[in-house]
Amino acid sequence: MTAIVPGRYDDRMDGYFDLQVNGYAGIDFNHDDLTADDLRRVCRRLADEGVAGILATVITEEIEVMGRRLRRLVELCATDAEIAAVIAGLHIEGPFLNPTPGYRGAHPVDAIRPAEIDVMARLVEAGGGWVRLVTLAPEQDAGFAVTRWLSDRGIAVAAGHCDPSLDVLDGAIDAGLTLFTHLGNGCPMTMHRHDNVIQRVLSRSDRLFVTFIGDGVHVPFFALRNYLNVVGPERAIIVTDAMAAAGLGPGRYQLGRWAVDVGEDGAAWAPDRSHLVGAAITMPRCVENLRTRLGLSESVVRRLTAENPGTVVGLRSRNVV
């Protein structure tokens, strides 16, 4: 059988493109027992919902574990045309993140580490040519060596789960950083009122694409409107950051170590509602939120959910309308 290689989004059906999907419809992409039937079922569900492409996201774990999960996803994508029709590539989120509570989010602190080229190379090799995006903390990347190494290889680099100073953020952008992952999340509830990572990123949004989770819970709609007004439709992107509970509807689910309560708003909470466990929203629901809660035009919604995401990871020509 001839191996399938990732194609361009230009050639895919017209639809949404989601840069951050950790799982869907009861299936966890970060599970060691992921099967072809599982992934095929997810891809059919996404396609039925108008999603033309996603980046399957592998999150922080021990390097050997991340490598194994990346290789499994590549094996399934490269041998199954139905899967490859939806999964356009891989997003590696971690393990080079800020370990401070609040900034690291749900990423396990014992697996977070400083960025190193040889470790990054092992993960990219495990990704077998399918890695399109890496999220890291610029302050964890000494001399921006990993950022530059990835950029030189055509892999988009995002900052996320981080707290870089403005000078560090500027240095990372100069080294090839092009994106920020889910602004307004992956940071503490309390920060300096002015000099914080959200304000720093917004001040550089003329040089960065910026993603936001579109459920209205991770970022309240009034704040999302403000952020979109600053960033503008040319550089804003909506993601779901979906995990396995996404698409299942309201209810309580046991997912790995977590019991999660999913509400009508598509957010996944710990049972005591002390913290979010992840996002369980679908892209059609995000689109409906943009239309009805923010009043965005169809052309702007399309820009945020289809055109910009494919462009930033090199899967869509910038002149595609």
- Query: How about H192 and Q199: does a side-chain donor come under 3.5 Å of a side-chain acceptor?
  - Reply: no
- Task: Could you pull out the closest heavy-atom pair between R285 and D265, with the gap in Å?
- Result: NH2-CA, 3.9 Å
- Task: Carefully, step by step, assess L304 and L228 under the rule side-chain contact (heavy atoms from CB on, under 4.5 Å).
- Result: CA-CA 10 Å; L304 272 55; L228 293 177; 4.0 Å; yes
- N-O pairing of R293 and D215 below 4.0 Å: no
- Kindly compute the distance separating CG (L55) from CZ (F17), expressed to the nearest 0.5 Å. 4.5 Å
- Task: With side-chain contact (heavy atoms from CB on, under 4.5 Å) as the test, would you mind laying out the steps for Q20 and T181 before giving the verdict?
- Result: CA-CA 9 Å; Q20 197 165 6; T181 292; 3.6 Å; yes
- Is a salt bridge present between R71 and E75, judged by a nitrogen-to-oxygen distance below 4.0 Å? no
- Task: For A56 and F29, work out which heavy atoms get closest and say how close.
- Result: CB-CD1, 3.7 Å
- Message: Could you check whether any side-chain N or O of D28 sits under 3.5 Å from a backbone N or O of A244, counting only pairs where one atom can act as donor and the other as acceptor?
- Response: no
- Message: Within the structure provided, determine whether L19 and V312 are in side-chain contact (heavy-atom separation under 4.5 Å).
- Response: yes
- Distance-only, no hydrogens or angles: does the N30 side chain make a donor-acceptor pair with backbone N or O of T57 under 3.5 Å? yes
- Beyond-backbone contact of V58 with L90, side-chain heavy atoms, under 4.5 angstrom: no
- Does the side chain of Q140 reach to within under 4.5 Å of the side chain of I112, using non-hydrogen atoms? yes
- Query: Is a salt bridge present between R291 and E298, judged by a nitrogen-to-oxygen distance below 4.0 Å?
  - Reply: yes
- Message: For G214 versus I281, what's the shortest heavy-atom pair and its separation?
- Response: O-CD1, 4.0 Å
- Between H161 and H107, does the ring centroid distance fall short of 6.0 Å? yes
- Rounding to 0.5 Å, atoms CD (E62) and CG (D110) come to a distance of 6.0 Å
- Message: Looking at N22 and A242, would you say the former's side chain and the latter's main chain have a donor-acceptor pair under 3.5 Å?
- Response: yes
- Message: If you apply the rule side-chain contact (heavy atoms from CB on, under 4.5 Å), what do you find for F144 with V168, and how did you get there?
- Response: CA-CA 9 Å; F144 315 113; V168 169; 3.9 Å; yes
- Query: Can we say D38 and R41 salt-bridge, meaning some charged N sits less than 4.0 Å from an Asp/Glu carboxylate O?
  - Reply: yes
- Is there a path of hydrophobic side-chain contacts, each under 4.5 Å between heavy atoms of I, L, V, M, F, W or Y residues, that connects F96 with F180? yes
- Message: Here's a test for you: under side-chain contact (heavy atoms from CB on, under 4.5 Å), which of V197, N98, N196 qualifies with C187?
- Response: V197
- With the 4.5 Å side-chain cut-off for hydrophobic clustering, are L97 and L177 part of the same group? no
- Item | Path from L294 to I238 over hydrophobic side-chain contacts below 4.5 Å | yes
- Check whether any side-chain heavy atom of I87 lies under 4.5 Å from a side-chain heavy atom of C43, and answer yes or no. yes
- When rounded to the nearest 0.5 Å, the distance separating NE2 of H91 from CG of D241 is 8.5 Å
- Item | Sub-4.5 Å side-chain heavy-atom contact between N185 and F212 | no
- Query: Is the backbone of T282 close enough, under 3.5 Å, to the side chain of T240 for a donor and an acceptor to pair up by distance?
  - Reply: no
- Hey, is D163 close enough to R200 for a salt bridge, meaning N to O under 4.0 Å? yes
- Item | Under 3.5 Å: donor-acceptor pair, side chain of D141, backbone of V146 | yes
- Message: Pair L248, V262 - check side-chain contact (heavy atoms from CB on, under 4.5 Å), show working.
- Response: CA-CA 9 Å; L248 298 181; V262 176; over 6 Å; no
- Is it true that a side-chain atom of R153 and a backbone atom of W149 form a donor plus acceptor pair closer than 3.5 Å? yes
- If every non-hydrogen atom of L133 is compared with every non-hydrogen atom of A158, which pair is closest and at what distance? CD1-CB, 3.9 Å
- Message: I want to check something: taking the side chain as every heavy atom from C-beta on, are Y227 and L202 in contact at a cut-off of under 4.5 Å?
- Response: yes
- Does L150 belong to the same Ile/Leu/Val/Met/Phe/Trp/Tyr cluster as I59, with side-chain heavy atoms less than 4.5 Å apart forming each link? no
- Item | Value rounded to 0.5 Å, distance of CG in L136 from CD in E139 | 9.0 Å
- Message: Are the side chains of M283 and L46 in contact, using a 4.5 Å heavy-atom criterion?
- Response: no
- Note: D206 and R235 closest approach over all heavy atoms is O-NE, 3.2 Å
- Shortest non-hydrogen contact from P95 to E61? CB-O, 4.3 Å
- Message: Test salt bridge (Lys or Arg N to Asp or Glu O under 4.0 Å) on D33 and R72; report intermediate values, then the result.
- Response: CA-CA 9 Å; D33 297 326; R72 180 58 176 159; over 6 Å; no
- In terms of hydrophobic clusters joined by side-chain contacts under 4.5 Å, are V219 and M191 together? yes
- E49 and Y24: CA distance, side-chain angles, deciding distance, side chain to side chain donor-acceptor pair (under 3.5 Å) verdict: CA-CA 12 Å; E49 294 174 354; Y24 206 80; 2.4 Å; yes
- Task: Considering only NZ, NE, NH1 and NH2 on the basic side and carboxylate oxygens on the acidic side, decide whether R122 and E125 come within less than 4.0 Å.
- Result: no
- Got D48 and R45 here, is their nearest side-chain heavy-atom distance under 4.5 Å? no
